[in-house]
Amino acid sequence: MLFQCTDALVTFASFEFERLVSFYTNLFNQKPEHIISNVYAEFQLPSLKLGIFKPKQTHYLEFEYSTKSKISLCLEVISLEDAIAHLTALGYPPPGEIIIASHGREIYAYDPDGNRLILHQSELKTGV
C-alpha cells in the first residue's frame, strides 16, 4: 500500500527556542505563521515550511548530545552579497568565502544553534 504525502516541512529542535525564532524572524523579515508560545513556531517560505520546536523534557537526551546534522537549510537568494550583509548585520556573518559552484555561487553560514545554512545565487541570476 502506498501513502500519500500532502505537504512537507523542515523542523529544527532548539533548547534556545526564543533565540532561534528571533533569528529566523529577523532573517526572513516575517513573523511565524503559526506559533505556540515557547513550544513551536512555523514560517511559511516559498516552497517550504520551516518549523522550530522546543523538545519536551522527556526527549532532551535525544537532542542534547547529537552531533552536527548533515542536513542544511538551502536558501535561494537574488543577491548573495545582500544576504551576506543581512546575516552579518544580525551578528552571524558567514565564516568562509563565496564558493563558485557549477550551478552558481554560494556561501555557508550558521544560525545561533549551529544549523548550517547554504545561501545560493543561481547562475541565471549571477550571469556566470
Side-chain angles (χ1 to χ4, degrees):
M1 175 174 221
L2 297 176
F3 77 96
Q4 292 183 321
C5 181
T6 60
D7 204 357
L9 68 145
V10 172
T11 60
F12 292 146
S14 181
F15 297 113
E16 300 290 331
F17 177 83
E18 295 296 334
R19 180 181 69 161
L20 204 60
V21 171
S22 177
F23 172 81
Y24 282 102
T25 297
N26 290 317
L27 179 65
F28 300 139
N29 196 30
Q30 72 177 46
K31 292 184 179 185
E33 185 174 291
H34 303 289
I35 191 156
I36 301 169
S37 183
N38 205 31
V39 174
Y40 182 78
E42 183 177 286
F43 295 89
Q44 178 64 57
L45 305 173
S47 303
L48 174 75
K49 290 181 185 178
L50 173 65
I52 299 168
F53 69 96
K54 184 172 183 178
K56 291 182 179 182
Q57 185 76 33
T58 55
H59 293 262
Y60 270 25
L61 288 178
E62 179 182 352
F63 294 100
E64 188 172 26
Y65 298 110
S66 65
T67 59
K68 285 192 173 186
S69 171
K70 291 176 176 54
I71 294 176
S72 299
L73 177 60
C74 300
L75 302 171
E76 179 72 29
V77 299
I78 294 171
S79 167
L80 197 54
E81 286 75 12
D82 288 349
I84 292 167
H86 186 57
L87 276 169
T88 300
L90 293 174
Y92 296 90
E97 300 295 320
I98 294 174
I99 300 164
I100 305 299
S102 61
H103 53 280
R105 301 182 315 140
E106 62 189 30
I107 195 162
Y108 298 153
Y110 298 88
D111 71 15
D113 276 3
N115 297 303
R116 184 168 67 167
L117 307 174
I118 299 175
L119 304 174
H120 176 264
Q121 183 177 344
S122 75
E123 289 178 354
L124 301 174
K125 295 182 178 115
T126 63
V128 173

Results of side chain to side chain contact (heavy atoms under 4.5 Å, CB included) for Asn29 - residues two or more places apart only: none
Residues which pass side chain to side chain contact (heavy atoms under 4.5 Å, CB included) with Val39, listed by chain and number, not counting sequence neighbours: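 If we apply the side chain to side chain contact (heavy atoms under 4.5 Å, CB included) test to Val39, skipping adjacent residues, the hits are Ile36.
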Side-chain touch Pro95/Tyr110, heavy atoms, less than 4.5 angstrom: yes
Leu80 vs Glu106 side-chain heavy atoms within contact, under 4.5 Å: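 Not touching, per the 4.5 Å side-chain cut-off.
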Pairs involving residues 79-92, ordered by first then second residue, that meet salt bridge (Lys or Arg N to Asp or Glu O under 4.0 Å) (sequence neighbours left out):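 Pairs touching residues 79-92 that pass the test: Glu81-Arg105.
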Shortest non-hydrogen contact between Phe17 and Ile52, atoms and distance: CE1-O, 3.4 Å
Qualifying side-chain hydrogen bond (donor to acceptor under 3.5 Å, both in side chains) pairs with a residue from residues 44-57, counting only residues at least two apart or across chains: Asp7-Lys49
Sequence neighbours excluded, every pair satisfying ring-ring contact (aromatic ring centres under 6.0 Å, His included) that has a member inside residues 32-51: Phe28-Phe43
Review item, side-chain donor-acceptor pairs of residues 83-91, under 3.5 Å, at least two apart:
{"unit_1": "His86", "atom_1": "NE2", "unit_2": "Asn26", "atom_2": "O", "d": "2.9"}
{"unit_1": "His86", "atom_1": "NE2", "unit_2": "Leu27", "atom_2": "O", "d": "3.1"}
{"unit_1": "Thr88", "atom_1": "OG1", "unit_2": "Ile84", "atom_2": "O", "d": "2.8"}

Distance, nearest 0.5 Å, that separates NE2 of His120 from CD1 of Ile107: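 If I round to the nearest 0.5 Å, the distance is 12.5 Å.
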Cluster overlap Phe15 with Phe53, hydrophobic side-chain contacts below 4.5 Å: yes
Connected via hydrophobic side-chain network under 4.5 Å: Val77 and Leu48: yes
